[in-house]
Amino acid sequence: MRVTVDPIGCRAHGLCADLLPEAVRLDEWGYPVVASEPVPPELVREARRAAAACPALALRLRKD
């Protein structure tokens, strides 16, 4: 599974980086930059939680 972000839909709330700092960091404008590697199995639950918590529904968890 991989974390992706819809750059058009994102509103830079930053919640994703707070909930999933292992896979998401914020750029200088507060927009998320996601890791290109798959989410480790032990972080899938947190990744799902971060995607569900995104106020703009811009963060997604996709199967490889």
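FYI, side chains are in, hydrogens and waters are out, and symmetry mates aren't considered; it's all heavy atoms of this structure. The structure displayed is predicted, hence computed values, not measured ones.
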(request) Only pairs at least two apart or in different chains count here, so list each side chain to side chain donor-acceptor pair (under 3.5 Å) that has a residue in residues 43-58. (result) none

Show me the side-chain donor-acceptor pairs of residues 14-40 shorter than 3.5 Å, one per line, residues at least two apart or across chains.
from	atom 1	to	atom 2	distance (Å)
D27	OD1	W29	N	2.9
D27	OD1	G30	N	3.0
D27	OD1	Y31	N	2.9

(request) Sequence neighbours left out, what passes side-chain contact (heavy atoms from CB on, under 4.5 Å) with A56? Give chain and number order. (result) R11, C54, A58

(request) With sequence neighbours left out, write down each residue that passes side chain to side chain donor-acceptor pair (under 3.5 Å) with R62, or none if nothing qualifies. (result) T4

(message) According to side chain to side chain donor-acceptor pair (under 3.5 Å), who are the partners of D64, at least two apart in sequence or on a separate chain?
(response) R2

(message) Under 4.5 Å between side-chain heavy atoms, counting indirect links through other Ile/Leu/Val/Met/Phe/Trp/Tyr residues: same cluster for L57 and L61 or not?
(response) no

